[in-house]
Amino acid sequence: MTPKPPTNTSPPLLAIQAIGKDYTATVLDGVNVELFAGEVLALTGENGAGKSTLSKILCGLEQPTRGGMLLAGQAYAPTSRRDAERHGVRMVMQELGLVPTLTVAENLLMGRLPHRLGWLQRDVLHAAARAQLAKIGLDSIDPATPVSQLGIGQQQMVEIARNLQDDTRILVLDEPTAMLTPRETNYLFEQIAHLTARGVAIIYVSHRLEELRRIADRVAVLRDGRLVDVRPMAGMSEDDLVQRMVGRVVSDLDHRPRRPVGPVVMSAEGLGRGTAVQGVSLELRAGEIFGIAGLVGSGRTELVRLLFGADRADRGSVTLHPEFEQKQALPRDGQAQAAIQKIANTPNPATAAPRTWQRGFASPLQAIAAGVGLVTEDRKSQGLLLSQPIRINATLSDLSAVSRGGWLQRGFENRLVQGFVRTLGIRCRSPEQPVGQLSGGNQQKGGVRPLAAPRRPRAAARRTHARRGRGRPRRAVWRAGPHGPGRPRAAHGVVRPARTHGHGRPHRRDECGPPGGRVRARRVVRAIAAGGCVLRARRAHQHHTFNFFSCDRMNAPTAPAAPAATPSSASVWRSQLGTYLGLLAVLAGMVALFSSLSEYFWSAETFITIANEIPALAVMAVGMTFVLIIAGIDLSVGSVMALAAATSAAAILQWGWTVPAAAALALATGLVCGTITGAISVAWRLPSFIVSLGMLEAVRGSAYVVTDSRTQYVGDAISWLSAPFFGGISFAFLLAVVLVVVAQLVLSRTVFGRCVVGIGTNEEAMRLAGVDPRPIRVIVFAMTGLLAGLAGLMQSARLEAADPNAGTGMELQVIAAVVIGGTSLMGGRGSVVNTAFGVLIIAVLEAGLAQVGASEPSKRIITGFVIVAAVIVDTLRQRRAKV
């Protein structure tokens, strides 16, 4: 794609006028930029320069503190991402906004899912998704594939495809090629050419100068929140652009004297895990930077995770050598320096032998204890506690160094963190500022806490995307390694340290974006990983540099490896079928066990009794499934059931209402209680656990008031609900079965169900996709209350009475059934059908234990073990599915 010279003869499509943004500090100050239809404007600058903040303001994700914008000559001030999209302004964010548990098709069309009367039209959905994927060359991806089964590069492409809409007028691309291969990047650039030919304006945020020269018409440079320069891209050299980015001549960054390396401090032999990493052997020497290069899917992330113990290897070993234990002095100030020096210089026996861990470190804790540090790939979901202060994040790697007898030494911790903030040049109000309030670049700096932890790692690792030898710290970065003596310039953030202290650091050199990206390749003995893009470094003289694309393919030498297969929907169905079969096997095993222990268990009467006793539990479990999927919990369902039964009994016995009216009152009671719980939780952003716990007591007290603390006998007024309907099975059981089927369809087939799953998985991603999670949360709790009211009617019909004590402790039984069915307590995953299996398991367990004469304490103990075992089995199954 060749950039075209802008004519600028027509009025600008977008005019940014003196835009400013203040958080605790000024992030943007007086930015003035014009964007013309059909052009590509490159937006570049260092980490923390304000690029992402400006992009978010354009797309309605942030509101400016001052200034304004004009779109096609009209005032433009979007209040949300959906508002910006209505004006044709879309953004591909650096951080993925996909919902992993939803399919590719559902992510592509989230917020505009095709439906008829609320029911998803899957044929239309998949057809539209295929057309969208074809635009960027992803024809091989099955639209029914869950996003969680795609590689990170494919997820990035799906994110891009989601924003290539026909009504787009302005498209903001924030580091879109960070995780893409050259082939995928070419597809993206072809789409950019098509869009600009249609008159779409592109804002392209990147540090990669070769990309900017390839596609950009003009370039705008930000530095410290101010616009430094806007000029045509043609004729601008790399040195000129970098100088504008950092504010000084940067020739000293490319030419640094080499220092001799020391002995081997860490080595791996035959390290492997499944087919992702196979037989990797390497040596890391003191003072060297060891590069691990490869394209997307080549196994770089998996290898680094094995070296750190984040994943356990299937084979091979990791060895730390005695030289590794010779700790060096760490530059600090005052009392902190003295304390850390004492820790760092703990003597070790001179005759220490190398320590070897078979299959690598058992856990990150073991790796950290051995002095190995890691900066995670995804700083937001894996590396940072975004809601916690910088102070807590900075010392999280080694709390023992800032504590005594388990008590934190706040004064020492504060001094330590202040040095950490100064060293990395983090722009913040104070160390008490939440990390989530920092800009993206400053969050990136805050994510390197293992480099500046009280006890710094002597070996460390990071993973980075290697492409044409260029790069910068970003979401796809694994990095560690301590700084050398002296304070680096704040503009650099994390710069290449002087290698005088003998620590080994496997990572890729990275300085100020464009000048970085080159490493010195040394000893890569073997590096074999699965897939069709596996690379190794060529052996080079230690004084020569290694460019990331000077590499050899390491697949079978006799034939080229086939590309890794893309997951399809068939694997999803197999996984679901495996879950169903597993639960069915557990249920069958329990039936067989109790049948062998009691001659009366295997009988029609036993199963009919079980069927007629579980409707109330099953109905409440259906509602609880939805609540847990949105990462909530409702502890008041048992009390709501009792209150609904009490109000219906009072309506019949005391107020003379008809049965239908009383039944409607019971349902309305449950609906109101659930709505109150959800509304309070959403309106005040309170944990649903606390709100529902308060509702539990309030509703139970109301039940006592309505019944005057006495059991109300309603006789056979509503006994038809529990009377035998077919073969001794009650109508309540059939109604429960119908509800299970309908609820499963709603969860898996409707727009509402997809939103429920998405909110529980990543509520912020759903919000950014234009879905308001607040009303959906209230509806889920209201629905749960309604079903609890129905359960109250079923309970009254079976007992022919309304007991204010009914349902005490039943909420825990309901949660147990849902958890046994595999619904995640963390949200985002669950199935109503699986919950029905969980209800049956609980009912069979209780009936069987009762028939074999187990005591009440024994019943509770056994039930508890069954719940824990079910959670463990489900967790292991999920882990195996990820390998």
Side-chain angles (χ1 to χ4, degrees), residues 614-627 632-655 657-680 688 691-692 695-707 712 714 717-722 730-736 738-740 742-743 746 778-808 810-811 813-815 817-818 832 835 839:
I614 65 172
L617 176 62
V619 167
M620 286 193 293
V622 169
M624 188 64 71
T625 301
F626 280 80
V627 171
I633 197 167
D634 191 349
L635 300 177
S636 66
V637 289
S639 299
V640 172
M641 182 187 75
L643 179 60
T647 54
S648 63
I652 294 174
L653 299 177
Q654 301 176 23
W655 308 330
W657 287 24
T658 63
V659 171
L665 178 63
L667 297 177
T669 299
L671 180 64
V672 170
C673 291
T675 302
I676 292 174
T677 301
I680 293 176
S688 57
V691 177
S692 62
M695 287 294 294
L696 180 151
E697 295 296 334
V699 172
R700 181 69 64 180
S702 300
Y704 284 127
V705 171
V706 171
T707 61
Q712 303 291 317
V714 295
I718 55 175
S719 61
W720 59 269
L721 194 58
S722 60
S730 66
F731 181 81
F733 176 81
L734 298 178
L735 180 58
V738 172
L739 282 174
V740 167
V742 172
V746 169
V778 174
I779 290 172
V780 168
F781 278 97
M783 181 185 69
T784 303
L786 178 66
L787 294 177
L790 177 59
L793 287 175
M794 292 178 172
Q795 192 82 339
S796 295
R798 188 171 67 87
L799 301 177
E800 297 185 353
D803 185 358
N805 294 306
T808 302
M810 197 170 182
E811 56 277 349
Q813 196 176 28
V814 171
I815 295 173
V818 177
V832 179
T835 294
V839 170

Side-chain donor-acceptor distances from residues 660-668 under 3.5 Å, at least two apart:
none

Contacts table for residues 790-804: side-chain donor-acceptor under 3.5 angstrom, sequence neighbours left out:
residue, atom, partner, partner atom, Å
S796, OG, G792, O, 3.1
D803, OD1, N805, N, 3.0

Side-chain donor-acceptor pairs of residues 633-640 under 3.5 Å, sequence neighbours excluded:
residue, atom, partner, partner atom, Å
D634, OD1, S636, N, 3.0
D634, OD1, S636, OG, 2.6
S639, OG, L696, O, 3.1
S639, OG, R700, NE, 3.4

Side-chain polar contacts of residues 618-626 - donor-acceptor pairs under 3.5 angstrom, sequence neighbours left out - could you list them?
residue, atom, partner, partner atom, Å
T625, OG1, A621, O, 2.8
T625, OG1, T835, OG1, 2.7

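With values rounded to the nearest 0.5 angstrom, T647 atom OG1 is found 9.0 Å from W657 atom CH2. Atoms CH2 and OG, on W655 and S648 in that order, are 9.5 Å from each other to the nearest 0.5 Å. For the atom pair L786 CG and I779 CD1, the distance stands at 12.5 Å (nearest 0.5 Å). The CG atom of L787 sits 10.0 Å away from atom CG of L671, with the distance rounded to the nearest 0.5 Å. Residue T677 holds its OG1 atom at 4.0 Å from CE of M695, rounded to the nearest 0.5 Å. Atom OG of S688 is separated from atom CD1 of I680 by 12.0 Å, given to the nearest 0.5 angstrom.
Annotation for A703 and A646: closest pair O-CB, 4.3 Å, computed over non-hydrogen atoms. Smallest separation of non-hydrogen atoms from A616 and M641: CB-SD, 4.5 Å. Between G789 and A644, the shortest heavy-atom contact is CA-CB, 3.6 Å.
Scanning for side-chain hydrogen bond (donor to acceptor under 3.5 Å, both in side chains) contacts around T784 gives an empty result, with sequence neighbours left out. Looking at residues two or more places apart in sequence or on another chain, you find a side-chain hydrogen bond (donor to acceptor under 3.5 Å, both in side chains) between Q813 and E846.
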